[in-house]
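Every chain is numbered from 1 and lettered A, B, ... according to where its sequence line falls, protein lines coming before strand lines.
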2 protein chains.
Amino acid sequence: MAEPSREEMLGWVERIAKYCADTDGLPLIAGRILGWLTVCDPPEQSAAEIAEAIGASRASLTTNLRLLSSVGFLSQLTKPGNRTVYYQVDDDAWEKVVQRQVESLTSLGEIMRDGMELVGGSQKRGARIRAAHEVFGWLDKVFANAPPLPSAGRANRTQKEK
Amino acid sequence: MAEPSREEMLGWVERIAKYCADTDGLPLIAGRILGWLTVCDPPEQSAAEIAEAIGASRASLTTNLRLLSSVGFLSQLTKPGNRTVYYQVDDDAWEKVVQRQVESLTSLGEIMRDGMELVGGSQKRGARIRAAHEVFGWLDKVFANAPPLPSAGRANRTQKEK
DNA sequence: CAGTTGTTTCAGTGAAGAATGAAGTAGCTA
DNA sequence: TAGCTACTTCATTCTTCACTGAAACAACTG
């Protein structure tokens, strides 16, 4: 298996960044960081290295690394006798992305439930919202029947590497 | 069942609008329109009526009504001997919202597949992206096992009311 | 042909926020 | 203590975009 070229990797990173920006409202640079850290070698990288790779300023890196860490997508890693902080993506970062999307749908379902209560689902005027509400009932069912997430099998060995 | 007060309705509309703006990147006013049309009485309303209800300018209404129509969330309705155009939400508008979210996740899954191909999922450096990829495999399975959408039962009787 | 009504276009305003350079801070080394 | 080096904060620039008022437009009525 040939090593991927830097260009190929950056192309892929850019797709990820675009996705994050478009659908998650994340800053472009945050998306690039996330993308880069999922394919780079080695997995842990300093802010400076990342900045160089994706072509962003250090200041931006500070801001966005904090953002990603606070949401729990990244973990930090320090090495003895070295002031540099290394960052790496959590193994289940992307799972969190998915979970967040699913949860947001769930919350929309709750709003619909409230709406139905508000206008009375049985009346004529409730037809539209009743249709909407059914969709979320369907969604609930889909996830109720779902197999457990893959991460359930993986212990949370992220972070701790004693 | 008591009629909901205008205030209650507007409060609910605002929740919907916030959701749409936050997670779908829709303009606030578009979200308000969508929300209002989901609970208003009667279901079909003129641009002027909507503008009055949600407190927006007619110009904004034009813009956002076109936006919502182009995405297929609204349908238009005219009455003989009346120049006014009435708008109403499609019965499956909210289903489309859900579908769009799901599709966006699917597309993310494709990006991950490409990424794994890029770095080689078997190598050490592929551990992170392999974990990500598994999540999307899981997602696929979840929807593969899913019951059909409720709209499959409902004929598309929107639009046509002969 | 005027007059009325409903809708659309257009240019402008304001606000939000991404990204940066430069200055500042903190920790290690000699 | 002086001098690096890694990182952070701050103030600023720049862009984007929702929203609006005013004017233009189109269709119908008498």
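- Protein chain A contacts DNA chain D from dT5(D) to dT9(D), reading 5' to 3' and using non-hydrogen atoms of the protein with a distance under 4.0 Å.
- Note that Lys96(B) lies outside the cation-pi zone of Phe73(B), set by a 6.0 Å cut-off to the ring centre and a 45° limit from the axis.
- Going from atom CG of Leu28(A) over to atom P of dG17(C) covers 15 Å, rounded to whole Å.
- In this structure, the CD atom of Glu49(B) is 16 Å from the P atom of dT5(C), given to the nearest Å.
- Going from atom CG of Asn64(B) over to atom C1' of dT9(C) covers 15 Å, rounded to whole Å.
- Rounding to whole angstrom units, CD of residue Glu52(B) and P of dG6(C) are separated by 14 Å.
- Rounded to whole Å, the distance from NZ on Lys79(B) to P on dG6(C) is 13 Å.
- Note on Ile29(B): only backbone sugar-phosphate atoms sit closer than 4.0 angstrom, heavy atoms only; bases stay farther off.
- Remark: nothing in residues 31-41 of chain A comes within less than 4.0 Å of DNA chain D through any heavy atom.
- Look at CD1 on Ile50(B): it is 13 Å from C1' on dT7(C), rounded to the nearest Å.
- At a threshold of 4.0 angstrom between heavy atoms, the contacts of Thr84(B) are confined to the sugar-phosphate backbone, with no base atom among them.
- Taking 4.0 angstrom as the limit, Arg58(A) places none of its side-chain polar atoms (N or O) nearer than this to OP1 or OP2 of dA23(C).
- For the pair Gly55(A) and Arg83(A), both in contact range of DNA chain C, the more 5′-proximal nearest nucleotide belongs to Gly55(A).
- Remark: the Tyr19(B) side chain and the Ser104(A) side chain contain an N/O donor-acceptor pair separated by less than 3.5 Å.
- Protein atom CZ of Arg66(B) is 13 Å distant from nucleotide atom P of dT7(C), rounded to whole Å.
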